[in-house]
Amino acid sequence: MSREKSGLLNRLASKLPEGMLVDAAWLNAQGYSTQLQHRYVKSGWLEQPARSVFRRPRGVLSWQQVVISLQTILNYSPLTVGGRTALELQGYAHYLSQSTTVVHLYGPKPPPGWVQKLPLQVKFVYHNDRRLFKNEPVTKGVNSVKWNIDKGEALDVTSFRGGDITELTWGQWDWPLTLSTPERAIFELLDELPNRETFEQVDALFGGLANLRPDRLQKLLKDCASVKVKRLFFYFSDRHKHAWLKRLKKEDIDLGSGKRMLVKGGVLDPTYHITVPGDLNGVR
């Protein structure tokens with residue numbers, strides 16, 4: 001009997017990497033009963049950071065471990081890190097005034113409710129990306145990594161270069177963290193104006209976006225379902241006049257009709273018919 005229990009534990013060790021999280025439903029599906037789950041917690045082989053959530057102990061729990069577990073082991077793909085968080089991770093944090101205290105997640109369905117109950121110093125905010133973009137994100141160039149629960153190893157599904165989604169490696173074993181490219185992330189950030197982001201911060205950030213790829217931007221502009229976001233994109237692009245702007249075909253983009261009031265008491269921009277803060281509407 002003890003040999004059978006040892007075999008189950010060894011099998012779980014191969015299925016669940018150290019530091020990563022799974023929930024009770026995942027363990028049940030792999031043949032580990034509730035009684036066995038509690039036994040592993042009591043023995044210290046598993047820890048339980050929240051109700052019905054389990055983890056093989058390794059250091060302090062991080063939000064990256066949570067997201068990578070969702071994206072790989074628990075198959076909450078295509079759930080990606082986006083917006084402000086993606087820009088911070090790709091080196092644009094010095095244009096933003098805050099550190100990572102909010103992790104913005106984008107996908108067709110929200111993550112499980114237990115992620116908000118984990119003992120972390122960050123808050124997860126979910127966004128339905130189908131509201132902002134009409135089409136699926138292009139994931140060419142991304143290794144769609146899933147955890148092979150039978151072999152206990154990462155399964156790479158490699159495609160080609162390019163796309164709206166990229167990866168950063170994280171941690172000792174170079175786990176893949178899937179996130180929006182800077183091109184897609186700036187659209188996601190613009191969608192947060194004016195309620196959860198400021199014009200001043202976005203304007204400062206745009207100044208550092210000289211190396212965006214115009215082919216990606218053109219696709220995102222066509223896929224974007226928000227007239228507000230598209231008008232804001234061109235408004236800030238005109239202000240900073242990066243070289244890639246000349247390669248965009250604005251005439252192919254539907255910017256809608258009518259005026260959009262984004263700032264009470266603001267100034268109406270005559271080109272894009274959006275109200276913006278008066279101190280931003282001067283000549284650069």
Side-chain angles (χ1 to χ4, degrees), residues 78 80 82-84 86-87 92 104-109 125-142 162-166 179-264 266-278 280-281 283-284:
T80 62
R84 170 189 281 270
L87 291 167
Y92 297 96
H104 294 274
L105 300 175
Y106 290 77
K109 65 176 181 178
V125 175
Y126 166 72
H127 308 263
N128 187 335
D129 61 354
R130 299 304 184 266
R131 185 187 62 80
L132 182 57
F133 294 106
K134 294 177 287 189
N135 297 320
E136 292 276 355
V138 176
T139 56
K140 292 180 180 179
V142 178
D164 303 344
I165 304 299
T166 188
L179 67 161
S180 297
T181 60
E183 292 84 0
R184 185 180 178 93
I186 193 61
F187 281 78
E188 294 164 342
L189 186 73
L190 288 170
D191 192 39
E192 298 295 287
L193 277 174
N195 296 327
R196 290 174 291 274
E197 293 291 344
T198 69
F199 277 83
E200 291 75 18
Q201 286 191 337
V202 173
D203 188 56
L205 187 146
F206 249 86
L209 298 179
N211 297 322
L212 298 186
R213 289 181 49 172
D215 56 337
R216 290 180 178 174
L217 292 172
Q218 190 72 34
K219 177 194 176 297
L220 288 162
L221 284 164
K222 290 183 178 180
D223 288 348
C224 184
S226 171
V227 168
K228 180 198 81 169
V229 168
K230 289 183 286 189
R231 292 188 190 183
L232 282 168
F233 173 83
F234 281 116
Y235 169 78
F236 284 111
S237 298
D238 287 354
R239 282 176 59 78
H240 293 277
K241 297 180 172 59
H242 293 308
W244 45 258
L245 179 59
K246 297 179 181 179
R247 297 178 59 187
L248 298 181
K249 298 179 180 178
K250 188 191 300 185
E251 65 275 10
D252 292 345
I253 306 304
D254 180 12
L255 295 178
S257 60
K259 300 174 182 178
R260 299 291 194 278
M261 189 184 75
L262 303 182
V263 180
K264 290 184 178 180
V267 176
L268 180 68
D269 179 77
T271 303
Y272 299 108
H273 302 290
I274 53 176
T275 55
V276 297
L280 280 182
N281 214 38
V283 178
R284 293 187 64 87

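Note: hydrogens, waters and symmetry copies are ignored here, and every other heavy atom, side chains too, is used.
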Please verify the inter-ring angle class for W244 with F206; under 30° counts as parallel, over 60° as perpendicular, anything in between as tilted. tilted
Note, [X] side chain near [Y] side chain (heavy atom, < 4.5 Å):
X: Y106; Y: Y126; value: no
X: T80; Y: I165; value: yes
X: D203; Y: R239; value: yes
X: R131; Y: D191; value: yes
X: F234; Y: T271; value: no
X: D223; Y: K219; value: yes
X: V202; Y: L205; value: no
X: L248; Y: L221; value: yes

Heavy-atom pair with the smallest gap, counting every atom of [X] and [Y]:
X: P277; Y: V263; result: CD-CG2, 3.8 Å
X: L212; Y: L209; result: CG-O, 3.5 Å
X: L193; Y: K228; result: O-NZ, 2.5 Å
X: S180; Y: A185; result: CB-N, 3.9 Å
X: R260; Y: R231; result: CG-NH1, 3.6 Å
X: L245; Y: K241; result: CD2-CA, 4.4 Å

Cation-pi check, R184 onto F133 ring (under 6.0 Å, within 45° of axis): yes
Side chain to side chain contact (heavy atoms under 4.5 Å, CB included) for L255 and F233? Distances and angles first, verdict last. CA-CA 11 Å; L255 295 178; F233 173 83; over 6 Å; no
Please check this pair: side chain of [X] against backbone of [Y], looking for a donor-acceptor N/O pair closer than 3.5 Å.
X: E183; Y: D164; result: no
X: K230; Y: I253; result: no
X: T275; Y: L262; result: yes

Does the side chain of H242 come under 3.5 Å of the side chain of N211 through a donor N or O and an acceptor N or O? no
Side chain to side chain donor-acceptor pair (under 3.5 Å) partner of R84, chosen from H104, E192, E197, E188: E197
Using a 6.0 Å cut-off, check whether atom NZ of K259 has over 12 heavy atoms from anything other than its own residue. no
Using a 6.0 Å cut-off, check whether atom CZ of R130 has over 12 heavy atoms from anything other than its own residue. yes
Please lay out, stage by stage, how D238 and Y272 fare under the test side-chain hydrogen bond (donor to acceptor under 3.5 Å, both in side chains). CA-CA 11 Å; D238 287 354; Y272 299 108; 2.5 Å; yes
Would you give the length of the straight line joining atom CG of L220 to atom CG of L217, rounded to the nearest 0.5 angstrom? 6.5 Å
One should read off an interatomic distance between S237 OG and K246 NZ, to the nearest 0.5 angstrom, of 13.5 Å
Hey, mind stepping through L132 and V229 against side chain to side chain contact (heavy atoms under 4.5 Å, CB included) and telling me if it holds? CA-CA 9 Å; L132 182 57; V229 168; 4.0 Å; yes
Pair Y235-D269, side chain to side chain contact (heavy atoms under 4.5 Å, CB included): steps then yes or no: CA-CA 8 Å; Y235 169 78; D269 179 77; 3.6 Å; yes
